[in-house]
A.B. asks: 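I have a structure I would like to understand better, so I am pasting it below and will then ask my questions one at a time.
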Amino acid sequence: MNNNYLNMVGLAYRARKCSTGEALIVKDIQAKKVKLLLIANDIAPQTKKKFIDKCNSYHVPYIEVDDRVTLAQAIGKSERVAIAILDEGFANKIQSLLS
């Protein structure tokens, strides 16, 4: 997988344009703040279903990316199963790097 997107995720995190944590991400999706959801490929099936169902019902794009350790290293935190991008510009750039 192209890891250039991880640099953009790190920049978005430092710019405070990300949210992490299951409850906060779901809340941000419901508030229509999330522009892109990055989901780790080793997430628990029920959590993955919850995120995907929320994304589908609120029309939020999501992409399944690397494992939770790689995703967390991009933002300098411990294991993260999902990162929500809250800025349209960062979301578009990350999507273009992943496609």
Side-chain angles (χ1 to χ4, degrees):
M1 185 167 283
N2 180 359
N3 286 342
N4 289 339
Y5 81 94
L6 292 170
N7 295 332
M8 290 306 298
V9 172
L11 282 172
Y13 184 77
R14 286 190 290 285
R16 298 178 185 234
K17 301 295 181 186
C18 291
S19 63
T20 62
E22 188 178 338
L24 184 57
I25 289 173
V26 169
K27 190 173 121 186
D28 284 345
I29 289 172
Q30 290 171 334
K32 296 181 172 55
K33 291 181 182 176
V34 178
K35 308 302 180 203
L36 175 66
L37 183 64
L38 302 173
I39 302 173
N41 61 15
D42 59 349
I43 191 171
Q46 61 272 29
T47 309
K48 182 177 179 178
K49 181 182 179 337
K50 180 180 184 178
F51 281 141
I52 290 173
D53 289 348
K54 284 288 180 202
C55 285
N56 288 335
S57 61
Y58 287 91
H59 307 290
V60 174
Y62 64 89
I63 301 174
E64 197 169 319
V65 292
D66 296 305
D67 59 77
R68 64 180 74 198
V69 175
T70 306
L71 204 53
Q73 284 175 342
I75 62 170
K77 296 285 182 186
S78 60
E79 297 182 1
R80 293 289 188 261
V81 294
I83 298 176
I85 307 298
L86 307 177
D87 180 77
E88 192 75 46
F90 281 120
N92 290 339
K93 183 64 176 173
I94 291 167
Q95 281 180 311
S96 72
L97 289 170
L98 286 169
S99 58

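Nothing fancy with the numbering, it's 1 onward along the sequence. Note that the coordinates shown come from a computational prediction; the quantities given were computed from them, not determined experimentally.
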A.B. asks: Hey, what else clusters with Ile29 if you join Ile, Leu, Val, Met, Phe, Trp, Tyr whenever side-chain heavy atoms sit under 4.5 Å?
C.D. replies: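 Members alongside Ile29: Ile25, Val26, Val34, Leu37, Ile39, Ile43, Phe51, Ile52, Tyr58, Val60, Tyr62, Val81, Leu86.
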A.B. asks: Can you tell me how far the CG atom of Leu97 sits from the OH atom of Tyr5, to the nearest 0.5 Å?
C.D. replies: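 Nearest 0.5 Å value for the CG-OH distance: 10.5 Å.
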A.B. asks: Side-chain contact, heavy-atom cut-off 4.5 Å: Val69 with Asp42?
C.D. replies: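 Val69 vs Asp42: side chains apart.
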A.B. asks: Which heavy atom in Ala91 sits nearest to a heavy atom in Ile85, and how many Å separate them?
C.D. replies: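 Answer, listing the atom of Ala91 first, then Ile85: N-CG2, 3.7 Å.
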A.B. asks: Atom NZ of Lys17 and atom CG of Leu11: how far apart are they, to the nearest 0.5 Å?
C.D. replies: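 The NZ atom of Lys17 sits 13.0 Å away from the CG atom of Leu11.
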A.B. asks: With side-chain contact (heavy atoms from CB on, under 4.5 Å) as the criterion, how do Glu64 and Lys48 come out once you've worked through the C-alpha distance, each side chain's angles and the decisive distance to 0.1 Å?
C.D. replies: CA-CA 10 Å; Glu64 197 169 319; Lys48 182 177 179 178; 2.7 Å; yes
A.B. asks: Please name all residues satisfying salt bridge (charged side-chain N to carboxylate O under 4.0 Å, His left out) with Lys27, sequence neighbours left out, ordered by chain then number.
C.D. replies: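 Applying salt bridge (charged side-chain N to carboxylate O under 4.0 Å, His left out) to Lys27 gives none.
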A.B. asks: Dump the intermediate steps for side-chain contact (heavy atoms from CB on, under 4.5 Å) on Thr20 and Lys77, then the final yes or no.
C.D. replies: CA-CA 10 Å; Thr20 62; Lys77 296 285 182 186; over 6 Å; no
A.B. asks: Taking all non-hydrogen atoms of both residues into account, name the closest pair between Ala72 and Ser78 and its distance.
C.D. replies: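 Where Ala72 meets Ser78 most closely, the heavy atoms are CB-O, 3.0 Å.
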A.B. asks: Measuring from atom SG of Cys18 to atom CG of Leu36, what distance do you get when rounded to the nearest 0.5 angstrom?
C.D. replies: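 Cys18 atom SG to Leu36 atom CG measures 9.5 Å (nearest 0.5 Å).
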A.B. asks: Could you state the interatomic distance from CD1 (Ile83) to CG (Leu6), rounded to the nearest 0.5 Å?
C.D. replies: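 Result: 8.5 Å between the selected atoms.
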A.B. asks: Quick check: do Lys50 and Glu22 have side-chain heavy atoms less than 4.5 Å from each other?
C.D. replies: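 Yes, side chains in contact.
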A.B. asks: If you measure from CG on Asn56 to NZ on Lys49, what distance do you get to the nearest 0.5 Å?
C.D. replies: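 If we round to the nearest 0.5 Å, Asn56:CG and Lys49:NZ are 9.5 Å apart.
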A.B. asks: Which residue pairs pass the side-chain hydrogen bond (donor to acceptor under 3.5 Å, both in side chains) test with at least one member in residues 87-99, sequence neighbours excluded?
C.D. replies: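 Applying side-chain hydrogen bond (donor to acceptor under 3.5 Å, both in side chains) to every pair that reaches into residues 87-99, excluding sequence neighbours, yields nothing.
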A.B. asks: How far apart are the closest heavy atoms of Ala44 and Arg68, and which atoms are they?
C.D. replies: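 Closest approach of Ala44 to Arg68: N-NH2, 4.3 Å.
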A.B. asks: With side chains defined as the heavy atoms from C-beta onward, is the minimum distance between Leu71 and Val65 less than 4.5 Å?
C.D. replies: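 Yes. Closest side-chain heavy atoms under 4.5 Å.
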